[in-house]
2 protein chains.
Amino acid sequence: MAVEDTGRTTHTAVALMELRKRILNGDFPGGTRLFEVPLAETLQISRTPIREAMSRLAEEGLLDRLTNGGFVVRSFTFADVLDAIELRGVLEGTAARLAAERGVTPEGLAQMQGVLARLDSCFGASSDDVDFEAYSDLNAQFHAILVNLAGSVVLQREIDRATRLPFASPSAFLSDKTNIDIFRQSLHVAQEQHRALVSAISSREGTRAEFVAREHARIARRNLEYVILENPDLIMRVPGLGLLNS
Amino acid sequence: MAVEDTGRTTHTAVALMELRKRILNGDFPGGTRLFEVPLAETLQISRTPIREAMSRLAEEGLLDRLTNGGFVVRSFTFADVLDAIELRGVLEGTAARLAAERGVTPEGLAQMQGVLARLDSCFGASSDDVDFEAYSDLNAQFHAILVNLAGSVVLQREIDRATRLPFASPSAFLSDKTNIDIFRQSLHVAQEQHRALVSAISSREGTRAEFVAREHARIARRNLEYVILENPDLIMRVPGLGLLNS
DNA sequence: ATGGTTGAGGCTGTATACAGATTTCCGGTT
DNA sequence: AACCGGAAATCTGTATACAGCCTCAACCAT
């Protein structure tokens, strides 16, 4: 019997990924109501896993529940995306502050410094020369370690949740589709902030750590403003920005 | 035909309320796995609404999903509850800061000042004389208005979510079962912080507003420490503290 | 012309049967 | 005695039938 990977994954998982993909792609504009029966026919899956998948997407924040049952695609305005980025800054700032205040283990600090050094080596001689893909991976690692160093599962869950909206993720402007001059140049500033974060945490300077992390998130804000206001053609190249409304 | 209220509400809602009640009451210790079939038999409801209810409870943060399906009751340590309170402080602090920085409408400010005045009138001549029940209601209103004044649906959702854990709610220590001297006395300090919050927001002092709100949440932290360390008999009288572990 | 009422269509809520997967326990073997 | 294997029990995943409710539209009455 041939190995069927699609047979291994549940129908719920298929529906979840498929619906998420279509929503993020902008196939369903914000406010669109999703009906179980047509979706079940489209995806060739019964209503039960569709329901389950929509419930998960509501948990992710991509769908809203209607009072009398049913789901609609959540709509995001430009201001909403800015607020989501600011929120991430606040939460990561709190993680940084707690890491500094409560102290981190030498192993944790070493881990972070290791990623910091590897991020450094992504930059070449010219200021335009950056290994974008490697930077993107390492940046995700850096942020994951930061959240970990706070040592709070409650905070970790909230950050995971707030970060699940793709445009609010620390990697939002680091997809391979956004390898553009203006974003590449912002990485020098970002890396300097990474350095400041490690310095603040290792010196147990909580307030400095908190506000550096906040300002770090605001790089994403500036990148977003550039995309929306000055170069709207890029909108579809930033993950999740396809569902942006009005 | 007689009016059947139970016939109006769905089985999902019944299961949701019933399970939530039992979890918060501590009937299922943290880590307990909840099986669909026995629960369906116990509650005289089929598996489908039970599943749906458990999915909602996972969204609320009371249950965790297992990797291969199924749910377990989430376990909270003392440190987790402290972190949840600190998190609320951070989020409400952000709401206060944004309200101050972005400015609020005269109507919004008047609304908040109205509740502030009514909170004042809950206090009697003696420092021990407080209309506890009225204060509890108005306090909830005050916090709701604060979140509203920030004018961010993204932030509002996060605060609603973080606050859904009963012990992290601004009203956690204001249930009628916790009408105790030491909690009543903390209300004078809390009300002074309410005043400072209104002052800071109306003067557009963002930083002051943010840190007053954080400190305000830490009253709950002190109350919690009192309950746990000095008067454990009270644990079962604080909403949601029944599911606290180790 | 406007308002209310009634009916039909369609959507979600629920129960249940069956299938697939996983875990557990028991027995045998090394 | 410990470990491995297999079978049974049990749990979740899924499809589907049916019931109830909500909405919307059309028609009738005033």
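First the proteins, then the strands, lettered A, B, ... as listed; each starts at 1. On a predicted model such as this, the values are computed, not experimentally measured, just so you know.
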task: Figure out the CG/C1' separation between A/Asn68 and C/dT12, and round it to whole Å.
output: 10 Å

task: Output all residues satisfying salt bridge (Lys or Arg N to Asp or Glu O under 4.0 Å) with B/Arg74, sequence neighbours left out; order by chain, then residue number.
output: none

task: Return the set of residues passing salt bridge (Lys or Arg N to Asp or Glu O under 4.0 Å) with B/Glu101 (not counting sequence neighbours), or none when no residue passes.
output: B/Arg97

task: Would you please name every residue forming a salt bridge (Lys or Arg N to Asp or Glu O under 4.0 Å) with A/Asp80, sequence neighbours left out?
output: none

Listed partners of A/Glu59 passing salt bridge (Lys or Arg N to Asp or Glu O under 4.0 Å), at least two apart: B/Arg65

query: Listed by chain and number, what are the side chain to side chain donor-acceptor pair (under 3.5 Å) partners of A/Arg214, not counting sequence neighbours?
result: A/Glu210, B/Glu210

field: Criterion ring-ring contact (aromatic ring centres under 6.0 Å, His included) on A/Phe71 and A/Phe35, from CA distance to verdict
entry: CA-CA 8 Å; A/Phe71 297 87; A/Phe35 296 105; over 10 Å; no

message: What is the separation between atom CZ on A/Phe71 and atom P on C/dT12, rounded to the nearest whole Å?
response: 9 Å

message: Nearest to the A/Thr10 side chain among D/dT14, D/dC22, C/dT22, which nucleotide is it?
response: D/dT14

message: Given C/dT14, D/dT16, C/dA17, identify the nucleotide with an atom nearest to the side chain of A/Ser46.
response: D/dT16

task: State which residues pass side-chain contact (heavy atoms from CB on, under 4.5 Å) with A/Ala13; sequence neighbours excluded, sorted by chain then number.
output: A/Thr10

message: Please list, in numerical order, the residues of residues 32-44 of chain A that have a heavy atom closer than 4.0 Å to any atom of DNA chain C.
response: A/Arg33, A/Leu34, A/Phe35, A/Glu36, A/Val37

- request: Take atom CZ of B/Arg47 and atom P of C/dG13, then tell me their distance rounded to the nearest Å.
  value: 18 Å

task: Nearest whole angstrom, please: distance from the P of C/dG13 to the NE2 of B/His11.
output: 13 Å

- prompt: Under the ring pair (Phe, Tyr, Trp, His ring centres under 6.0 Å) rule, what pairs show up with a residue in residues 41-63 of chain B, not counting sequence neighbours?
  reply: none

Within residues 48-66 of chain A, residues whose heavy atoms come under 4.0 Å of DNA chain C: A/Arg51

